[in-house]
Every structure is written in structure tokens, then in C-alpha cells.
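One structure is given here, and the rest of the page talks about it.
Just so we're clear, the structure is a prediction, and the values are computed from it rather than from any experiment.
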Amino acid sequence: MRKHAGLVLAIFSAFWIGWIALELLGSVMGDCDYAGNADCKAMKDYAPALIFWRGLAVELAASVIYLTIRKR
């Protein structure tokens, strides 16, 4: 496992960045015209930032795990 940790991190990162990109695309391209309620508008305002920071936190956690495994 230690031997392939870098490859596992690279594959995970590629899939994770793709998933986050799809979520961001969906949250930015969505509209609230059909509903018009405050919940939809709040989600439209705050969802992209939440998705970005969650994606960054998971990616950093994966990198820390990789560095921990690699240094053993």
C-alpha cells in the first residue's frame, strides 16, 4: 500500500476534483425562478462557497494522510 500511495492519492484527487466541479456547476447554474423562496436564494448564495471549502478540506485531509503514510 505504501508503495502505491502516491498513485492512490492522484486517482482520488482526480475523481474528487471532478466531483466538486460537477457540484459547483450544478449549484452555480441552478436557478430560483420557479420557487422564489428564501431557502433557495440562500442556498444559491452560500452553496458554492460551502462546496469549495468542503472540497478543499477533504483534499487537504487526503494529502495529510498520504504524507503520514509516506513518512513511515
Side-chain angles (χ1 to χ4, degrees):
M1 174 67 183
R2 276 178 53 188
K3 189 187 265 187
H4 303 291
L7 180 62
V8 170
L9 177 66
I11 292 170
F12 171 78
S13 295
F15 282 113
W16 183 248
I17 290 170
W19 178 256
I20 293 300
L22 286 175
E23 281 190 329
L24 278 172
L25 182 68
S27 69
V28 171
M29 299 293 284
D31 62 350
C32 293
D33 290 339
Y34 63 91
N37 59 6
D39 291 339
C40 182
K41 291 181 181 174
M43 194 66 166
K44 179 85 170 147
D45 290 339
Y46 298 113
L50 291 173
I51 292 169
F52 172 77
W53 289 111
R54 183 195 60 197
L56 183 63
V58 170
E59 189 63 38
L60 287 174
S63 297
V64 168
I65 291 170
Y66 165 71
L67 290 173
T68 303
I69 291 172
R70 187 185 68 152
K71 288 195 174 193
R72 284 188 184 177

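Across all non-hydrogen atoms, the minimal contact from V28 to P48 is CG2-CG, 4.1 Å. S63 and L9 get closest at one heavy-atom pair: N-CD1, 4.2 Å.
Note that NZ of K44 and CE of M29 are 8.5 Å apart. Values are rounded to the nearest 0.5 Å. Atom CZ in F12 sits 9.5 Å away from atom CD1 in I17 (nearest 0.5 Å). Between atom CE of residue M43 and atom CG of residue L50 there is a gap of 7.5 Å, rounded to the nearest 0.5 Å. Note that CG of L22 is 10.5 Å distant from CD1 of I51, once rounded to the nearest 0.5 Å. Here the CG atom belonging to L7 is positioned 4.0 Å from the CD1 atom belonging to I11, to the nearest 0.5 angstrom.
Residues W53 and L60 are members of one and the same hydrophobic cluster, defined by side-chain heavy-atom contacts under 4.5 angstrom among Ile, Leu, Val, Met, Phe, Trp and Tyr.
Taking a 6.0 Å sphere around CH2 of W19, one finds it holds 12 or fewer heavy atoms contributed by other residues, nucleotides or ligands.
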